[in-house]
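The first residue of the sequence shown is numbered 1, and numbering continues consecutively from there.
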Amino acid sequence: MPEQPWATEHTVHMFRQSESRAAAADSDGRRWMERRATELALVVCNCGLNTGWVPMDQLPSLPEILGRHGVPGA
């Protein structure tokens with residue numbers, strides 16, 4: 001049986017965007033960071049997929065990503 005060629009596997013990562021700001025000083029004068037989600041996310045894959053920052057409800061699902069980009073070596 002001949003050897004199969006090497007293929008890059010899909011490695012999908014999702015990042016959720018957040019915003020931060022310094023909160024008002026507490027009674028001891030300390031300032032903490034406030035954070036909130038922007039409802040935007042970014043999906044990237046080592047196959048080259050990059051959605052850019054898009055609303056969470058518009059992100060493609062993993063089956064959609066693999067359907068568009070195929071499964072290497074298949």
Side-chain angles (χ1 to χ4, degrees):
M1 180 175 198
E3 288 187 25
Q4 295 295 313
W6 289 96
T8 303
E9 297 175 357
H10 289 278
T11 306
V12 178
H13 298 277
M14 182 179 90
F15 301 93
R16 293 184 68 171
Q17 188 181 69
S18 63
E19 300 174 315
S20 60
R21 67 179 179 185
D26 64 15
S27 60
D28 295 327
R30 294 178 294 203
R31 293 175 63 112
W32 301 93
M33 294 301 290
E34 293 181 287
R35 288 187 174 22
R36 69 178 181 183
T38 65
E39 299 304 319
L40 296 178
L42 168 80
V43 175
V44 294
C45 180
N46 63 324
C47 72
L49 170 71
N50 183 338
T51 63
W53 291 107
V54 297
M56 292 284 294
D57 62 355
Q58 294 178 20
L59 285 176
S61 68
L62 184 56
E64 290 171 325
I65 291 169
L66 293 178
R68 280 192 231 149
H69 297 277
V71 178

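Remark: Arg16 CZ to Thr38 OG1 distance equals 8.5 Å, nearest 0.5 Å. Residue Arg36 holds its CZ atom at 6.5 Å from CZ of Arg21, rounded to the nearest 0.5 Å. The line from CZ of Arg35 to OG of Ser18 is 6.0 Å long, rounded to the nearest 0.5 Å.
Considering only residues two or more places apart in sequence or on other chains, Pro63 meets the side-chain contact (heavy atoms from CB on, under 4.5 Å) condition with Ser61.
Summarising the geometry of Ala41 relative to Leu59, their closest heavy-atom pair is CB-CD1, 3.5 Å, with the distance given to 0.1 Å. The two residues Glu34 and Ala22 have their closest heavy-atom pair at OE1-O, 4.4 Å.
Of the possible polar contacts, one joining the Asp26 side chain to the Asp28 backbone as a donor-acceptor pair under 3.5 Å is found.
Put simply, Val43 and Val54 are part of the same group of oily side chains (I, L, V, M, F, W, Y) that touch within less than 4.5 Å, one to the next. Placement of Val12 and Met56 within a single hydrophobic cluster is found when ILVMFWY residues are connected by side-chain heavy-atom separations under 4.5 Å, directly or transitively.
Listed by first and then second residue, the side chain to side chain donor-acceptor pair (under 3.5 Å) pairs involving residues 48-58 amount to none (not counting sequence neighbours).
Under the 4.5 Å side-chain criterion, counting only non-hydrogen atoms from C-beta, Pro55 is in contact with Leu40.
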Gln17 and Glu39: CA distance, side-chain angles, deciding distance, side chain to side chain contact (heavy atoms under 4.5 Å, CB included) verdict: CA-CA 7 Å; Gln17 188 181 69; Glu39 299 304 319; over 6 Å; no
